[in-house]
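Just below is one structure, and these are the notes that go with it.
Counting starts at 1 for both ligands and their atoms, following the listed order.
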Amino acid sequence: MNVYLDNNATTMVDPAVYEAMIPFFSEVYGNPNSLHRFGTQSHPAITQAINQTYKAIGASDNDDIVFTSCATEANNWVLQSVWIDHILHGDKNHIVTTEIEHPSVLSTCKFLEDQGVKVTYLPVNDQGIVEAHTVKAFITDKTALVSIMWANNETGMIFPIAEIGEVCRQKGVLFHTDGVQAVGKIPVNLQEVHVDFMSMSAHKFHGPKGIGALYIRDSQPLSPLLHGGDQMGGRRSGTLNVPYIVGMGKALELATTDMEAKMSAIRAKRDRLEDALLGTLEDVFTVGDRSNRTPNTILISIRGVEGEGMLWDLNTALIGASTGSACASEDLQANSVMLAIGADNELAHTGIRLSLSRFTTDEEVDYVIDRFTHAVKRLRAISSSYAIVQPTEGGAAAACGIHH
Ligand code: C6P
């Protein structure tokens with residue numbers, strides 16, 4: 001049996017999404033900016049995708065949604081353009097973010113620090129999130145932007161975005177959230193929370209890779225990152241990627257229709273898997289209270305078992321998982337999110353991220369419980385260190401908010 005449990009890295013394209021995209025490769029292929037019918041033919045499908053996207057995230061008519069090549073582009077765009085508009089050409093000099101953002105935010109912040117911007121990287125608490133009062137304490141009259149993810153890609157922990165948005169609104173500071181791991185997994189309604197900018201990526205919710213979007217509240221000005229032919233109302237130049245835009249709209253519609261039922265089904269499988277692993281194995285810990293986690297995610301630590309060794313055994317059993325974010329999977333560093341939460345170095349080398357999707361079956365969950373348990377026992381049996389590595393009473397596991 002092949003089991004894919006790395007859905008926070010990327011997802012399978014839903015067959016219905018693929019079907020919807022096909023005509024726009026070889027039948028309706030005109031440039032949507034052309035005035036002839038080959039170009040204008042695609043307009044209804046683009047409009048439909050835009051409407052599907054607005055509806056899925058609760059955007060209103062005054063807001064803009066601009067399609068990008070990915071969330072990395074959307075994150076770069078917000079941070080770099082706020083720097084240009086409000087720091088280079090304004091009187092601000094400060095950005096607030098967290099220690100555990102995706103590298104597309106953290107590396108851009110490092111780049112901006114090199115340009116002289118002051119960046120505050122807020123530490124996370126033992127649940128791997130930042131509370132609104134902490135954000136409030138670090139906002140100054142020089143703060144141009146707060147950028148905080150909606151849900152973390154490694155732990156699945158959900159940040160209090162409504163409260164943080166309210167703090168930013170009261171303080172008059174722009175608020176960007178990286179919504180990549182939230183959109184399509186948990187309800188996102190931008191009429192109910194105050195967010196100025198939100199990044200999304202279609203391949204995280206069964207859409208194609210290579211398409212994302214930036215939501216912009218109330219048509220706020222934001223200098224473009226890509227200058228050129230003034231597509232998307234001048235916000236992002238470049239010929240529209242019609243098949244992928246159609247795919248993103250369809251994927252969002254599918255993910256958010258009957259969302260509660262879809263989420264409950266995934267959550268039930270995730271909880272069964274988590275309970276079985278925690279119930280069967282000694283010295284294993286999962287990160288964060290699961291009532292505040294995206295319903296598909298488990299980050300599990302296994303004392304005495306290196307994450308990479310575990311991945312190898314799982315891969316041999318045809319199970320795809322990860323030690324954390326896919327873009328950090330080629331180094332053998334400790335999991336930086338676990339370290340930020342307070343895990344010790346040894347524990348932070350043992351994290352395995354299991355992320356399910358609506359296509360994960362009960363049979364697959366049973367198979368993973370069996371093979372995972374087998375792999376842990378095998379690796380511990382050949383480990384020279386496991387026998388002497390024992391958790392201390394109320395020690396690292398409790399201190400880092402890792403739940404047993
Ligand atoms: N995280 C993971 O394994 P792109 O690649 O641009 O579509 O999405 C980037 C991105 C931005 N923000 C968050 C919170 C993300 O999780 C990701 C992608 C993958 O966790 C690949 S590194």
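- Where the criterion is an N or O separation shorter than 3.5 Å, residue side chain and backbone included, Lys204 meets it with respect to ligand 1.
- Listed by number with element, the atoms of ligand 1 under 4.0 angstrom from any heavy atom of Thr72 are 4 (P), 5 (O), 6 (O), 9 (C).
- With ligand atoms numbered from 1 in the order given, ligand 1 contributes 2 (C), 3 (O), 20 (O) to contacts under 4.0 Å with heavy atoms of Arg353.
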Test side-chain hydrogen bond (donor to acceptor under 3.5 Å, both in side chains) on Glu73 and Ser69; report intermediate values, then the result.
CA-CA 6 Å; Glu73 181 190 325; Ser69 62; 2.6 Å; yes

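- Ligand 1 places these atoms under 4.0 Å from at least one heavy atom of Met149: 14 (C).
- Taking every heavy atom of Ser201 and a limit of under 4.0 angstrom, the matching atoms of ligand 1 come to 4 (P), 7 (O).
- Judged by distance alone, the side chains of Gln127 and Asn292 never bring a donor and an acceptor atom under 3.5 Å apart.
- There is no side-chain donor-acceptor pair under 3.5 Å between Thr280 and Thr373.
- With Tyr121 as the aromatic partner, Lys110 meets the cation-pi criteria of under 6.0 angstrom to the ring centre and within 45 degrees of the ring axis.
- Judged by distance alone, the side chains of Asn31 and Ser34 never bring a donor and an acceptor atom under 3.5 Å apart.
- Between Asn75 and ligand 1, not a single N/O pair is under 3.5 Å apart.
- At a cut-off of 3.5 Å, with distance as the only test, no side-chain donor of Ser147 or Asp178 sits close to an acceptor on the other residue.
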Report the C-alpha distance between Phe359 and His206 in whole Å, list the side-chain angles of each, state the deciding distance to 0.1 Å, and finish with yes or no for ring-ring contact (aromatic ring centres under 6.0 Å, His included).
CA-CA 10 Å; Phe359 294 101; His206 303 290; 4.9 Å; yes

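- Contacts of Met200 with ligand 1, taken as heavy-atom pairs under 4.0 Å, are absent altogether.
- The residues Asp366 and Lys269 are annotated as not salt-bridged, no charged nitrogen and carboxylate oxygen being separated by less than 4.0 angstrom.
- Under 4.0 angstrom from ligand 1, there are no non-hydrogen atoms of Lys209.
- Using a non-hydrogen distance threshold of 4.0 Å, Glu101 does not register as a contact of ligand 1.
- Proximity of Ser104 to ligand 1, defined as any heavy-atom pair under 4.0 Å, is confined to the side chain (atoms from C-beta onward).
- Near Asn8, meaning under 4.0 Å from one of its heavy atoms, ligand 1 places the atoms 2 (C), 3 (O), 19 (C), 20 (O).
- Neither side chain, Asn296 nor Ser355, offers a donor N or O lying under 3.5 Å from an acceptor on the other.
- For Glu73, no heavy-atom contact with ligand 1 is shorter than 4.0 Å.
- For atom 12 (N) of ligand 1, the nearest non-hydrogen atom from the set Thr177, Ile211, Asp178 comes from Asp178.
- Residue Gln181 approaches ligand 1 through these ligand atoms, each under 4.0 Å from one of its heavy atoms: 14 (C), 15 (C), 16 (O).
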